[in-house]
Amino acid sequence: MKYTPKQYKEISKEMTYRTNSFKNCIFAFLIGGAICTLGQALLELYKSLGLDKNIAATCVSVSLIFLSVLLTSLNIYDKIAKYAGAGTLVPITGFANAMSSAAITFKAEGYIMGVGAKMFTIAGPVIVYGISAAALYGVIYYILTLI
């Protein structure tokens, strides 16, 4: 069946998934903010327990990674991400979710070709570009300190 450009445009408009960008931004802001607030609350908790600031910050990272992997394995993280969108991509939790969801999904293919290979297929670009950006920023910072 052949459509005229006008018919095609009408059909395309009917079939296109519509999103409410404003609502999505609000949810992303609220959920991302809640994750960051949780991180700050954990930092204050660990410091109040007598931990050094650097050790407390490390404990916060470990806690957020653990919670992200736990929620991913219970299939809760994806439900949150459905509403929060980019708000769940707060770097440490989003990265932990990407790694653990790939590991969970491809576990049936074995630990080497499934978990090991697929986990880094998804996370590899993040690692490569993260390290590259860090190196570039380090060089720029070094040059600026010389000036």
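Note that this is a predicted model, so its numbers are computed, not measured. Below, each value reflects all heavy atoms present in this structure, side chains not excepted, and no hydrogens, waters or symmetry copies. Start at 1 with the first residue, then count along the sequence.
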To the nearest 0.5 Å, tell me how far [X] [atom1] sits from [Y] [atom2].
X: Asn54; Y: Cys59; atom1: CG; atom2: SG; answer: 11.0 Å
X: Lys23; Y: Tyr83; atom1: NZ; atom2: OH; answer: 8.0 Å
X: Lys79; Y: Leu74; atom1: NZ; atom2: CG; answer: 9.5 Å
X: Thr93; Y: Ile31; atom1: OG1; atom2: CD1; answer: 11.0 Å
X: Ile92; Y: Ser63; atom1: CD1; atom2: OG; answer: 9.5 Å
X: Leu51; Y: Leu43; atom1: CG; atom2: CG; answer: 9.5 Å

Closest non-hydrogen atom pair between [X] and [Y], with its separation:
X: Ile35; Y: Gly87; result: CD1-O, 3.8 Å
X: Tyr3; Y: Ile11; result: CE2-CD1, 3.3 Å
X: Leu64; Y: Leu42; result: CD2-CD1, 4.3 Å

Give every donor-acceptor pair under 3.5 Å between a side-chain atom in residues 129-147 and any protein atom, sequence neighbours left out.
| unit_1 | atom_1 | unit_2 | atom_2 | d |
| --- | --- | --- | --- | --- |
| Ser132 | OG | Val128 | O | 2.8 |
| Thr145 | OG1 | Tyr141 | O | 3.4 |
| Thr145 | OG1 | Tyr142 | O | 2.7 |

Treat each ILVMFWY residue as a node, draw an edge where side-chain heavy atoms are under 4.5 Å apart, and state whether [X] and [Y] are in one component.
X: Ile65; Y: Ile76; value: yes
X: Ile55; Y: Val62; value: no
X: Leu38; Y: Phe29; value: no

Next on the checklist: Under a 3.5 Å cutoff, is there a donor and acceptor pairing between the side chains of Ser100 and Tyr77?
Outcome noted: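 Per modelled atom types, Ser100 and Tyr77 side chains form no pair under 3.5 Å.
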Checklist entry - With no hydrogens and no angle check, do the side chains of Asn97 and Ser68 hold a donor and an acceptor under 3.5 Å apart? => result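 Per modelled atom types, Asn97 and Ser68 side chains form no pair under 3.5 Å.
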Checklist entry - Between Tyr8 and Thr4, is a side-chain contact (heavy atoms from CB on, under 4.5 Å) present by the stated rule, with each step listed? => result CA-CA 6 Å; Tyr8 181 79; Thr4 65; over 6 Å; no
